[in-house]
Asks: 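The structure under discussion is supplied below as C-alpha cells; questions concerning it will follow.
Protein chains get the first letters and strands the later ones, always in sequence-line order, with residue 1 at the start of each.
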Amino acid sequence: MPGLRQPPPQLGAALGLCSSLTAWTQSVRSAGAVDPGVGRRLLPSRLLGSEVGDPPLKPVRILPSVVSASVSVSRKDQAGQATTLGQMSCNPSFGGIGKGHLMREVDALDGLCSRICDQSGVHYKVLNRRKGPAVWGLRAQIDRKLYKQNMQKEILNTPLLTVQEGAVEDLILTEPEPEHTGKCRVSGVVLVDGSTVYAESVILTTGTFLRGMIVIGLEMHPAGRLGDQPSIGLAQTLEKLGFVVGRLKTGTPPRIAKDSINFSILNKQTPDNPSVPFSFTNETVWIKPEDQLPCYLTHTNPRVDEIVLKNLHLNSHVKETTRGPRYCPSIESKVLRFPNRLHQVWLEPEGMDSDLIYPQGLSMTLPAELQEKMITCIRGLEKAKVIQPGYGVQYDYLDPRQITPSLETHLVQRLFFAGQINGTTGYEEAAAQGVIAGINASLRVSRKPPFVVSRTEGYIGVLIDDLTTLGTSEPYRMFTSRVEFRLSLRPDNADIRLTLRGYKDAGCVSQQRYERACWMKSSLEEGISVLKSIEFSSSKWKNLIPEVSISTSRSLPVRALDVLKYEEVDMDSLAKAVPEPLKKYTKCRELAERLKIEATYESVLFHQLQEIKGVQQDEALQLPKDIDYLTIRDVSLSHEVREKLHFSRPQTIGAASRIPGVTPAAIINLLRFVKTTQQRQAAMNESPKTDQCLRNADRLQERQL
Amino acid sequence: MWRGLWTLAAQAARGPRRLCTRRSSGAAAPGSGATIFALSSGQGRCGIAVIRTSGPSSGHALRILTAARDLPPARHASLRLLSDPCSGEPLDRALVLWFPGPRSFTGEDCVEFHVHGGPAVVSGVLQALGELQPWVRCLVLPMGLGGDQGASDWDLPAGSVPGLRPAEAGEFTRRAFANGKLNLTEVEGLADLIHAETEAQRRQALRQLDGELGHLCRGWAETLTKALAHVEAYIDFGEDDNLEEGVLEQADIEVRALEVALGAHLRDARRGQRLRSGAHVVVTGPPNAGKSSLVNLLSRKPVSIVSPEPGTTRDVLETPVDLAGFPVLLSDTAGLREGVGPVEQEGVRRARERLEQADLILAMLDASDLASPSSCNFLATVVASVGARSPSDSSQRLLLVLNKSDLLSPEGPGPRPDLPPHLLLSCLTGEGLDGLLEALRKELAAVCGDPSTGSPLLTRARHQHHLQGCLDALSHYKPSKDLALAAEALRVARGHLTRLTGGGGTEEILDIIFRDFCVGK
C-alpha cells in the first residue's frame, strides 16, 4: 500500500468497522460455523458430531461477543493461533444510548461481550443519567489489548471448541432438505488453499470485507480493513446464488500519539463513581473508578472547515454516491452539511498502556498528509502526531429482507448472516445479531424451532424486525427513538425479558444466571404487590416522608407505589417510613433501584402492556413458510403486494402488516388463507399439531412479566 | 388468538404510512380490550339512527349515559333518557339494548342506542361516547356511581379501564371474526368490506380535512413531529454530541403553544363546525360536455353558469340537493384539460382533488364528440381507471353519461362499440333524465344505505376524540422530570394527530433529527 505506513500489528487491525464474530463463537460450539471474510477460523465438523446433542453440554452455553477477526493472510501463519480474535476494529468503546440496551440484552442471553467489557474497560460512564432510566446509556472506553486478551482466554478455553484460521473462498452447497424452503443447503466451506471444512450450519459475519475497498484521498485499495485482504470470491458466490447485494460506506478516524497532545488545556471528563457494569452477573467492574482513565473534549474550528473545503477535489470518498451513515458522519460531511459550526472531538484512550488516542468525531478520508495538517489546527492537538491515518471503507452488504428473523437466509438453508453483512454498523448491533444467529444455527442443527425475539421483547427484536421487514439503505444503527415500547424495554429489565426465555426456549443461559433472573422476577413482583397494598392518606405520607411534594388536599388513600413515583422518594426513604414490610426490599441495592424504576413508569406500562399484547397476538399468527406469493391463487392479492411479500417473506401476520404497501385487506386475505390452511391440515392428519399457533400465542402471553 | 388482528388492520388502514406499530406507539387506540363505537345505520334519511358500542367498557358507557346504577335487562329493548355525562344535558329519549358477551354480534359486551335520527342527536351521543375517556370517567365515577364501589368492575384502579374510541374501518366485523362469530364463508367478503370501508373513511376524512381544519391539523402534526424529533434527538444524542443550547426549551415552548391552540379550537369546534354531509356526487368530464347543465337540471336551479364556451366553470361549485330521497352534495367541476391559463389550471387541479373525494362520479361526455382527443383522453384516464378497479378494489362508483343525445341522428351509427356501460341523456330536451334518475337512485341507495361509507358525524366524532386525546397527552408532557416519560406523552399525542392526518413513522423523526442537528461521532 503505497503512501501508508504499515502499522505495528496491535495497532494495524484497529481500523475499519468491526466485523462481528459474535455469531461465530456461539455457532462453533453448537453447530459449526465460519467467519469467512475475516477471521477465517473454522470448526472441523467432526467435533460437532460429538457436541450436538451431547447431554453434559446442555443447556448449550453461548459465548457471543464482538470478536472481530482480522488477520491478514500473511500474518496468519506467524503464530499459528488466533491473532486477531477479539480485535476491536474501530472505536475503543462499547455501549452508548440505545447500544447500551443491546449490551444488556446480549448479556441477558448469556452473550460474552458485556462480561468481557466489565473486565477490560478503562472508563465507565452511564449516559443520559438525568433523562430517565428507560433511556440510560451504559457505555465504557475499552482497552483494546485487554479486551482481546480476555476474549481470547474465554474463547480458547471453551471446552470442545477448536479454533482454526483460514480465508474462506466458497461455500459447499448440497441438495436442500425437502421439509424446508430454500433452493439449496450449505454444508461447509472451501478455504482459500482449497481445503474444505464441513459444517451443519454456517454463519457469515463478513464485516466490511465483502469486496471491501479502502479509500484515502484519491487512492483506493481493495481491503477489508487496513492491511487485510478483502473477500471477493465469497462475494461472487453469494451474488451467483441470487442474493441482492448493495453497497455501503463507513469510515474511521486517524490515530494520534498520546504524548503529542496537550491535554492540560482541554476539558476533562471523568468516569462515573461507582462504575455500573454491563453484565447482570457482575456487581462491579474490574477496575476502581479512581484508577480509570479520563477522556478529553476539544472542538474543530473554521480552519478545519477551510482545509476540508479546499481539498474536496482530493477526496473521492466524500463524493461517492454510496450511502454512508447519517449519524456517524465524517468530518468532511459535517463541514459540508453544517458549515460555520464548531464540532466536538472526544479524545479517547485506547487502553491503559496504549500510546494512542482515538479522536472520536474526526473520521476522515483526506490524503494522509492533509490529515495531520488539519488535526494540528485543533486546540490541544497543535503538535499532534498522526500514527495512522483515517480512511473510508466501502463494502458489500446483502439486503437483509433476504433473511428470516432467526437470521437464516431464505435462499440457502442453514446459512446465517450476522453483523455488517446485514447492513448494520456498530459492535453492539453486531453482537445482538451474533447471539441470535448463534442460537438459531445451533437450534437448527438440533431440529428445534427457531428462537426469535419480538420487537415487543427487546431492542434486539426491533433491530432484526426493522432489518428483515424494511431492509436498510444506510448502515443501520440502534436508536431508542426506533423503539415504540421504549418505556417497557429498559436496560434494567433485560434479564426478565430475555433470560428466562433464553433458558427455556434456546438453552443458551447458564443455570446460575437463570436462577438469579428468576429470583429477581419474583422479588420484583412481590415487591410491587406489597407496595400496592400499603395505603395511607396523603397527609400521613407527608408526615412520614416530609420531603415528598405530595399534595395533602387529596382525600383518597395513596398507595406506597404512587409515593415511590415522586422523584425525591426512593426505596430507602420509603422503608424508613414503613419499615415493615418494606425494609427487606432495600437489602439488595439492585432490587431497590429496580422497584423505583417500575414505580416511575407504572401507569404508562399498563397501557403499553395492552398494546404489546395486541402486537404479540398478531405475531403469533404464523404464515406458512413455503407459500409462493407470486403464484398462489387461493389468496386475492394485488401484484404489488405479492411482490413485496415475496421479497420480504414475513413469518407472521404481525410482520406482514409492517411491510409498507401491504394493505389491511391483504392482511385479512392472508389471515383467511392461514385459517383455511390450518383447517385443511387439521382435517388431513387429525392431530392437534396444527394448533401450533395457538400454543405460540399462549406462550407469548406467559412470557409477559 | 385472533383478537389482536384488528389492531394491525386498523393501523394499516390509516392511509399512507411507513410503519404501523411504530407510529401508533403509545397512541390510545390499539391494544386489545379497547371499546369502540360507531354509527351503524346509513346516512339516508331515517327516523331512527343506531349507534353501537363493542368492548369491555360498553356496560359502563351505557350506565353513564343513562345515569343509572343498573344495566337494563339483557337483550331487551328499554326506553331510557340519555344525557351528556359532563353537562348532564339531556340528549334524547332512546331505546337501548344491552348485549353482554359472548352472546352478541362481536362476542364482546355490546350496546345499541336507537336514537332519533337528527344530526344533532346523533352527533351529541357520538360526542358523549367519545368523551368517555379514562380521565373523564375518573371525574364522573365518584359522583354518579359512588355507591357502586363494591361492584366488581369498579374495583379496577382508576385509568385501567380503556376509554371508548370511534371504530376504525371494519372493526366491528373484525372483532366478530376474531371471536369466532363469523364463519369462513362470511369472512370471504370481509376483506372487500374492509377495503371499501377504508376507502370510504379515507374519502370522508379527506372531505372533512379539506379546508381550514385540515390545514390546522397538518400544521399541528408538523409542529408536534418536530418537537418530538427534537426531544428524541436530545435523548438519543444530547449527551455525546453538542446539540444546540435550548433544544428542549424550544420544544417546550412549541408544545405549550400547541396546547393553547388545540384547547381553543376544541372549545370553539363544539359549536359551529359545518358538516358536509350527504353522499358526494361529483360531475366531471372534458370541457363543454354539459356538466353544468346537468348540475342545474338535477338541482332544479341555476347553480352554474352555462355557456357554449369551453372552460366556463372554473371553480368547484357545490350544492346540496335531494336526489331520489337521498341527501346529496352535488359538485360541478371544471372540465378536465391541460395547457390552459393559470386560473383554469387551478380549477382543473381542484376538480381532480374533488374527484378523489367522490362517492359517486358522474362522468360526462359529449355523445356527438366521442372521437375527439379530449373525450378519448377522459375515457382512457378517468373512466378506465375507476372502471378497471374491481368492486373490491374501490368503493367509488361511476356512472358514464353521454350528453347531447339530441345531436345524434336517429339512424346514424350508435356510439363507439367499445364504450363501457353508459346512459344517454339530453340536458336540452330532458330525454333520458328518468333513466338517469333511476340509475342514480340505485347507486345512491348503495352508497347511503351502507353504514360504512363514513358518516360525517362519525368523522367529526373521530376528530374530536383524537384532538382531545392529543390535548390530554400534551398535558402530561413535563420535560423537567423523566424525559423518556415526557417523550412518551408527545408520542401518544402525535399518534392521535397522525390518525387524522396520516404519516407518523419513525423515519420521519429520524429525518428531522439528521436534518436539524449535526449528530454522531
Side-chain angles (χ1 to χ4, degrees), chain A residues 96-98 127-128 131-132 134-135 137 325-329 334 337-338 341 343-344 346 360-361 455 479-482 484 486-487 567 600-601 603-604 606-608 610-611 613-618 620-621 636 653-654 657-658 660 662-665 667-669 671-672 675-676 693-694 697, chain B residues 1-5 7-13 17-22 24-26 28 30-34 159-160 162 169-170 174 184 187-188 190-192 194-195 198 232 234-242 392 481-485 487-488 491 506 509-510 513-514 518-521:
Chain A
I97 300 162
L127 306 178
N128 270 354
K131 297 178 199 165
V135 294
R326 288 177 296 179
Y327 43 78
C328 191
K334 285 193 237 185
R337 290 185 49 226
F338 295 90
R341 286 214 205 154
H343 301 282
Q344 282 187 334
W346 284 101
Q360 194 207 75
R455 62 187 301 128
F479 300 116
T480 71
S481 37
R482 295 190 192 270
E484 50 274 72
R486 181 163 64 191
L487 298 184
E567 226 168 326
T600 308
Y601 296 123
S603 49
V604 183
F606 176 84
H607 291 290
Q608 286 208 341
Q610 299 296 311
E611 246 188 280
K613 274 186 192 156
V615 176
Q616 288 187 338
Q617 278 163 350
D618 297 336
L621 300 170
S636 140
I653 289 286
S657 72
R658 286 190 286 269
V662 175
T663 62
I667 295 292
I668 296 290
N669 276 324
L671 267 171
R672 196 170 64 81
K675 187 81 176 168
T676 332
C693 293
L694 261 176
Chain B
M1 98 193 236
W2 300 95
R3 194 167 299 158
L5 123 84
T7 311
L8 62 104
Q11 288 169 343
R17 87 289 181 241
R18 272 296 306 266
L19 298 165
C20 40
T21 40
R22 221 150 301 198
S24 71
S25 120
S32 35
S160 67
R174 272 198 302 272
L184 277 175
V187 173
E188 295 274 342
L190 183 59
D192 291 348
I194 287 171
H195 189 82
T198 315
E232 295 281 355
Y234 194 75
I235 289 175
D236 269 336
F237 303 99
E239 211 112 323
D240 237 0
D241 297 275
N242 49 340
S392 70
K481 299 218 169 134
D482 189 307
L483 198 60
L485 214 47
E488 189 67 20
R491 285 176 169 204
T506 307
I509 298 281
L510 293 177
I513 293 179
F514 296 123
C518 185
V519 287
K521 39 200 178 142

Asks: With no hydrogens and no angle check, is any side-chain donor or acceptor of A/Asn128 less than 3.5 Å from a backbone partner on B/Ile235?
Replies: yes
Asks: Taking the side chain from A/Arg337 and the backbone from B/Phe514, do they hold a donor-acceptor pair closer than 3.5 Å?
Replies: yes
Asks: Just how far is it from atom CZ of A/Phe479 to atom OG1 of B/Thr506, taken to the nearest 0.5 Å?
Replies: 11.5 Å
Asks: Report the C-alpha distance between A/Arg486 and B/Glu232 in whole Å, list the side-chain angles of each, state the deciding distance to 0.1 Å, and finish with yes or no for side-chain contact (heavy atoms from CB on, under 4.5 Å).
Replies: CA-CA 12 Å; A/Arg486 181 163 64 191; B/Glu232 295 281 355; 2.6 Å; yes
Asks: Between B/Leu485, B/Asp482, B/Leu483, which is the residue that forms a side chain to side chain contact (heavy atoms under 4.5 Å, CB included) with A/Lys131?
Replies: B/Leu483
Asks: Considering only heavy atoms, which portion of A/Ser603 lies under 4.5 Å from any heavy atom of chain B: side chain, backbone, both, or neither?
Replies: neither
Asks: How far apart are the C-alpha atoms of B/Leu510 and A/Arg482, what are their side-chain angles, what is the distance that settles it, and do they pass the side-chain contact (heavy atoms from CB on, under 4.5 Å) test?
Replies: CA-CA 9 Å; B/Leu510 293 177; A/Arg482 295 190 192 270; 3.6 Å; yes
Asks: CZ/B/Phe237 to OG1/A/Thr480 distance, rounded to the nearest 0.5 angstrom?
Replies: 8.5 Å
Asks: For the atom pair CD1 (A/Ile97) and CG (B/Asp236), what is the distance rounded to the nearest 0.5 Å?
Replies: 6.5 Å
Asks: Where is the tightest heavy-atom contact between B/Arg491 and A/Glu484, given as atom of each residue plus distance?
Replies: NH1-O, 3.5 Å
